[in-house]
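Everything below concerns the one structure shown next.
We use all heavy atoms of the structure for the numbers below, so side chains are in, but hydrogens, waters and symmetry mates are not. Residue numbers count from 1 along this sequence.
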Amino acid sequence: MSERPKTADPAVVLAVIIGAHGVTGEVRLKVFAEELGAHHSFNGGTLTLKSLRHGSNGAIARFAEIADRNRAEALRGTELSVPRSALPPLGEGEYYHCDLIGLAAVSAGGEPLGRVVTVENFGAGDVIEIERDNGKTFMVPMRPDAVSSWDAERLVIEPAFVEG
């Protein structure tokens, strides 16, 4: 199991290009964020958002650097990211998934359990997946009765939610 990377301002993926839309360079997006339009520059300034609208098949964007369908198709699968510092501040009890991934997980008694490897949401709330040193994983709902606390270094899992 690898250590959490120490990056001063990590990139956070907000969307991915899933294909071309029309012939003038617009692209279809799968969006992971509530507000993509608040950001105008992606991928370290290599893509500049000119317009964003919602169509019947999801979000449709136009970038200044994409002028035709061929270029749009070539970017299929490209993730659109911004620096973590560009995201809005969080309220009490809120978190960004990117802040949880890589955190050490410990029991309420302080016993190391592993590291958070992913955060999923199957419709009923977030679920974190923890990988133990032996490679086995278990999942825990991201609720106060299961995860009693977390900070920038670790999250604490209550005993009833710790799996072997």
Side-chain angles (χ1 to χ4, degrees), residues 1-20 27-39 41-47 49 52 54 57-61 73-164:
M1 185 166 37
S2 64
E3 289 295 312
R4 181 183 177 117
K6 301 292 182 196
T7 305
D9 198 9
V12 178
V13 176
L14 299 182
V16 64
I17 296 173
I18 58 173
V27 294
R28 291 181 296 119
L29 302 176
K30 180 175 184 179
V31 180
F32 309 121
E34 284 184 27
E35 185 54 50
L36 187 65
H39 304 280
S41 178
F42 295 90
N43 300 7
T46 61
L47 290 171
L49 185 64
L52 177 69
H54 296 283
N57 236 0
I60 299 168
E73 278 295 340
L75 291 176
R76 181 188 301 260
T78 300
E79 295 178 334
L80 303 177
S81 63
V82 298
R84 168 65 176 82
S85 61
L87 300 177
L90 295 167
E92 181 67 31
E94 294 181 327
Y95 54 88
Y96 288 116
H97 290 185
C98 64
D99 293 338
L100 298 179
I101 295 171
L103 282 181
V106 299
S107 70
E111 173 193 345
L113 299 174
R115 292 213 174 266
V116 177
V117 291
T118 191
V119 181
E120 300 284 351
N121 190 314
F122 303 106
D126 288 341
V127 178
I128 57 173
E129 184 175 9
I130 298 168
E131 182 179 8
R132 292 187 173 273
D133 288 336
N134 63 9
K136 291 186 177 184
T137 63
F138 66 99
M139 298 183 105
V140 177
M142 191 62 184
R143 300 187 321 238
D145 62 324
V147 178
S148 55
S149 66
W150 73 89
D151 58 28
E153 299 300 320
R154 67 184 191 149
L155 42 73
V156 179
I157 311 295
E158 289 302 308
F161 293 91
V162 176
E163 293 180 18

If you compare all heavy atoms of [X] against all heavy atoms of [Y], which two are closest, and at what distance to 0.1 Å?
{"X": "Ala59", "Y": "Val31", "value": "CB-CG2, 3.7 Å"}
{"X": "Val140", "Y": "Ala146", "value": "CG1-CB, 3.6 Å"}
{"X": "Ala61", "Y": "Leu52", "value": "CB-CD1, 4.0 Å"}
{"X": "Leu103", "Y": "Arg154", "value": "CD2-N, 3.8 Å"}
{"X": "Ser85", "Y": "Asp9", "value": "OG-OD2, 2.6 Å"}
{"X": "Ala108", "Y": "Val156", "value": "CA-CG1, 3.6 Å"}

**Prompt:** With Tyr95, which residues qualify under ring pair (Phe, Tyr, Trp, His ring centres under 6.0 Å), at least two apart?
**Reply:**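 Ring pair (Phe, Tyr, Trp, His ring centres under 6.0 Å) list for Tyr95, sorted by chain: Trp150.
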**Prompt:** Does the side chain to side chain contact (heavy atoms under 4.5 Å, CB included) test come out yes or no for Leu90 and Asp99, once each step is laid out?
**Reply:** CA-CA 11 Å; Leu90 295 167; Asp99 293 338; 4.3 Å; yes
**Request:** Calculate, to the nearest 0.5 Å, the distance between atoms CD1 and CG belonging to Ile128 and Asn121 respectively.
**Result:**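 Result: 13.0 Å between the selected atoms.
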With a 4.5 Å heavy-atom cut-off, do [X] and [Y] have their side chains touching?
{"X": "Phe42", "Y": "Leu36", "result": "yes"}
{"X": "Ile157", "Y": "Val147", "result": "yes"}
{"X": "His54", "Y": "Ile60", "result": "no"}
{"X": "Asp126", "Y": "His97", "result": "yes"}
{"X": "Leu47", "Y": "Leu80", "result": "yes"}
{"X": "Leu29", "Y": "Ile17", "result": "yes"}
{"X": "Val162", "Y": "Ile130", "result": "no"}

**Request:** Kindly say whether Ile18 contributes a backbone atom to a donor-acceptor pair with the side chain of Arg76 at under 3.5 angstrom?
**Result:**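 Present.
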**Request:** Determine yes or no for a side-chain-to-main-chain donor-acceptor pair under 3.5 angstrom, with Asn43 supplying the side chain and Glu79 the backbone.
**Result:**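 A pair under 3.5 Å: yes.
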**Message:** Using the side chain to side chain contact (heavy atoms under 4.5 Å, CB included) criterion, which residues pair with Ala86? Sequence neighbours excluded.
**Reply:**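 In terms of side chain to side chain contact (heavy atoms under 4.5 Å, CB included), with neighbours along the sequence ignored, Ala86 is linked to His39, Val82, Pro83.
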**Item:** Residue Arg84 excluded, over 12 heavy atoms near CZ under 6.0 Å
**Value:**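 Counting neighbours around CZ of Arg84, more than 12 heavy atoms of other residues, nucleotides or ligands fall under 6.0 Å, so yes.
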**Message:** With a sphere of 6.0 Å drawn around CD of Glu34, does it hold more than 12 non-hydrogen atoms of other residues, nucleotides or ligands?
**Reply:**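 Count not over threshold, so no.
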**Request:** Would you please name every residue forming a side-chain hydrogen bond (donor to acceptor under 3.5 Å, both in side chains) with Ser148, sequence neighbours left out?
**Result:**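 Listed in chain order: Glu158.
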**Message:** Whether the Glu129 and Thr118 side chains hold a donor-acceptor pair (N or O, under 3.5 Å, no angle test) is what I'd like checked.
**Reply:**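 No donor-acceptor contact under 3.5 Å links the two side chains.
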